[in-house]
Amino acid sequence: MSEAVWELRSVSRSFAPRGIFGGPPHVALSGVDLKVHAAERVAIIGESGSGKTTLARVGLGLLPADEGSVFLLGQDMTRASKAAWRGVRSRAQLLFQDPRSMLNPAFPLGVLLRESARIHRPDEDATALVDELLEAVGLAGRRRARAHELSGGERRRAGLARVLLARPRLIVADEPTAGLDAALKADLLELLIHRAGPECAVVVISHDLPMVTWACHRVVVMERGRIVDALDSASLSSHDPHPATAALLRASGLRS
C-alpha cells in the first residue's frame with residue numbers, strides 16, 4: 001500500500017446553534033477516521049447535511065477541528081499555523097462546488113491562470129503553460145472571458161484548470177458536477193481523473209452514487225457526521241450494506 005497523503009483521526013467538529021432561541025450545537029463531524037493513499041480515487045457520499053463538505057474543509061485546514069488530528073502529505077497539521085497551512089495547501093487542492101469563488105470576476109480567465117502559473121510554477125513559461133492547459137480542459141477559445149461570461153460547465157473546467165496548475169498530490173473535489181446534465185457530469189469527472197495524473201490522490205465528494213462508482217476505487221458513506229460504511233466500488237452489488245448505503249443504492253437504482 002502506498003503512503004497516506006491525507007488522514008483524519010477521530011476528528012469532530014460542531015457549530016453553534018442558529019436562531020434566537022439557541023439550542024444544542026449542531027454536530028457536523030463525530031469521531032471521523034479517514035485515510036487516503038497516493039494515487040487512490042475515493043468517493044465520499046451521503047445525503048445533504050451528512051458532513052461531507054465539513055470533512056473536506058476541516059481536513060484541508062479551512063475550518064479547525066474541535067477534536068482529533070489531521071495529517072496532510074505526511075505532516076501533522078493538527079495545530080499548524082495559517083502560514084504552515086498555506087505552504088502545504090498548494091499541494092493539496094480543494095475544488096470548490098461553486099468555482100466562481102476561485103475566479104476573480106474583474107479579470108479574464110487567461111490572466112487569472114497566468115498569475116497562478118507564476119505562483120506555482122515560476123520556472124516555466126506561464127503563457128505557454130496556460131495555453132496548453134486551457135486546450136486540455138476544452139477552454140482554448142475562452143481565455144479572454146470573465147467568470148460571468150462562462151457557462152456553469154465552463155466555470156467548472158476553469159476551476160479545475162486553476163487547481164491543476166499547482167500540480168497537487170491531493171485533489172478534493174466538492175460536488176464537482178452538481179447542476180450539470182449527465183453528459184457534462186461524465187465528461188468533467190473523466191477530465192478530473194485523467195488530468196490529475198497517476199500519482200495524485202483524488203477524493204470526490206458527491207451524493208451521486210452511480211456517477212462516482214465507475215471513477216473511484218473506493219466509496220466511503222457518511223451519515224449524520226459519521227463514516228458508517230466503506231467498500232470497494234467493485235463490491236457494491238455483493239456488499240451487505242449499512243442502511244444508509246442501502247438507501248443510497250435504492251435511490252440510485254443500483255439495488256431494489
Side-chain angles (χ1 to χ4, degrees), residues 2-7 36-42 56-63 70-77 80-147 150 153-176 188-205:
S2 59
E3 64 174 318
V5 295
W6 196 32
E7 185 175 1
V36 177
H37 296 273
E40 252 197 315
R41 277 76 173 107
V42 178
R57 290 180 175 271
V58 170
L60 294 178
L62 300 177
L63 288 172
V70 176
F71 295 83
L72 190 60
L73 306 179
Q75 299 181 49
D76 184 350
M77 303 299 294
S81 65
K82 290 182 179 180
W85 271 110
R86 284 195 298 270
V88 75
R89 203 179 285 128
S90 65
R91 292 171 290 147
Q93 291 278 313
L94 176 60
L95 183 59
F96 290 92
Q97 180 175 348
D98 184 355
R100 284 176 293 189
S101 60
M102 305 172 66
L103 304 173
N104 189 322
F107 297 99
L109 177 58
V111 172
L112 293 174
L113 293 179
R114 282 197 298 273
E115 288 304 308
S116 290
R118 293 186 181 108
I119 292 170
H120 295 295
R121 298 161 79 165
D123 298 329
E124 300 183 50
D125 183 329
T127 298
L129 186 60
V130 168
D131 287 347
E132 178 186 353
L133 190 54
L134 285 173
E135 179 75 29
V137 300
L139 293 175
R142 305 295 276 157
R143 56 177 54 81
R144 295 183 179 179
R146 288 171 167 79
L150 300 172
E154 287 175 330
R155 285 196 294 268
R156 303 295 173 87
R157 290 170 179 267
L160 177 57
R162 196 160 192 186
V163 162
L164 292 172
L165 275 171
R167 291 185 294 192
R169 292 178 57 197
L170 169 70
I171 297 174
V172 181
D174 186 8
E175 298 281 4
L188 186 67
L189 188 56
E190 185 176 15
L191 182 64
L192 166 61
I193 297 295
H194 174 69
R195 294 298 302 185
E199 298 304 316
C200 179
V202 178
V203 177
V204 180
I205 295 172

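Note that these values count all heavy atoms, side chains included, but never hydrogens, waters or copies made by symmetry.
Between Leu109 and Ala158, the closest heavy-atom pair is CD1-CB, 3.7 Å. Among all heavy-atom pairs drawn from Gln75 and Val88, the shortest one is NE2-CG2, 4.0 Å. Of all heavy-atom pairs between Met77 and Trp85, the closest is CB-CZ2, 3.4 Å. Across all their heavy atoms, Pro176 and Leu188 have their closest contact at O-CD2, 3.1 Å. The minimum heavy-atom distance linking Ala39 with Pro198 is given by the pair CB-O, 3.0 Å. Here the shortest heavy-atom pairing between Glu175 and Arg156 reads O-NH1, 3.8 Å.
Side chain of Arg144 to main chain of Pro108: no donor-acceptor pair is present (N/O by atom type, distance under 3.5 Å, no hydrogens or angles). Judged by distance alone, the side chain of Gln93 and the main-chain N or O of Arg89 form a donor-acceptor pair under 3.5 Å.
For the atom pair CG (Leu103) and CZ (Arg146), the distance works out to 12.5 Å, reported to the nearest 0.5 Å.
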I'd like a table of donor-acceptor pairs (distance under 3.5 Å, sequence neighbours excluded) in which one partner is a side-chain atom from residues 164-171, with atom names and distances.
| unit_1 | atom_1 | unit_2 | atom_2 | d |
| --- | --- | --- | --- | --- |
| Arg167 | NH1 | Glu124 | OE2 | 3.3 |
| Arg169 | NH2 | Glu3 | OE2 | 2.9 |

Solution key, residues 126-136 side-chain donor-acceptor pairs under 3.5 Å, sequence neighbours excluded:
| unit_1 | atom_1 | unit_2 | atom_2 | d |
| --- | --- | --- | --- | --- |
| Asp131 | OD1 | Arg143 | NE | 3.3 |
| Asp131 | OD1 | Arg143 | NH2 | 3.1 |

Using side-chain contact (heavy atoms from CB on, under 4.5 Å), reason through Leu150 and Arg157 one step at a time and then give a plain yes or no. CA-CA 10 Å; Leu150 300 172; Arg157 290 170 179 267; over 6 Å; no
Between Trp6 and Val42, does the side-chain contact (heavy atoms from CB on, under 4.5 Å) criterion hold? Intermediate values first, please. CA-CA 11 Å; Trp6 196 32; Val42 178; over 6 Å; no
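Partners of Asp76 under the side-chain hydrogen bond (donor to acceptor under 3.5 Å, both in side chains) rule, at least two apart in sequence or in another chain, are Thr78. Arg41 pairs by the side-chain hydrogen bond (donor to acceptor under 3.5 Å, both in side chains) definition with nothing, not counting sequence neighbours. Applying the side-chain hydrogen bond (donor to acceptor under 3.5 Å, both in side chains) test to Gln97 and every residue at least two apart in sequence or in another chain returns nothing.
Residue Val172 is tested with Leu60, Val204, Val163, Val36 for a side-chain contact (heavy atoms from CB on, under 4.5 Å); the sole match is Leu60.
Within the structure, the salt bridge (Lys or Arg N to Asp or Glu O under 4.0 Å) test picks out the following pairs touching residues 108-117 (sequence neighbours left out): Glu115-Arg118.
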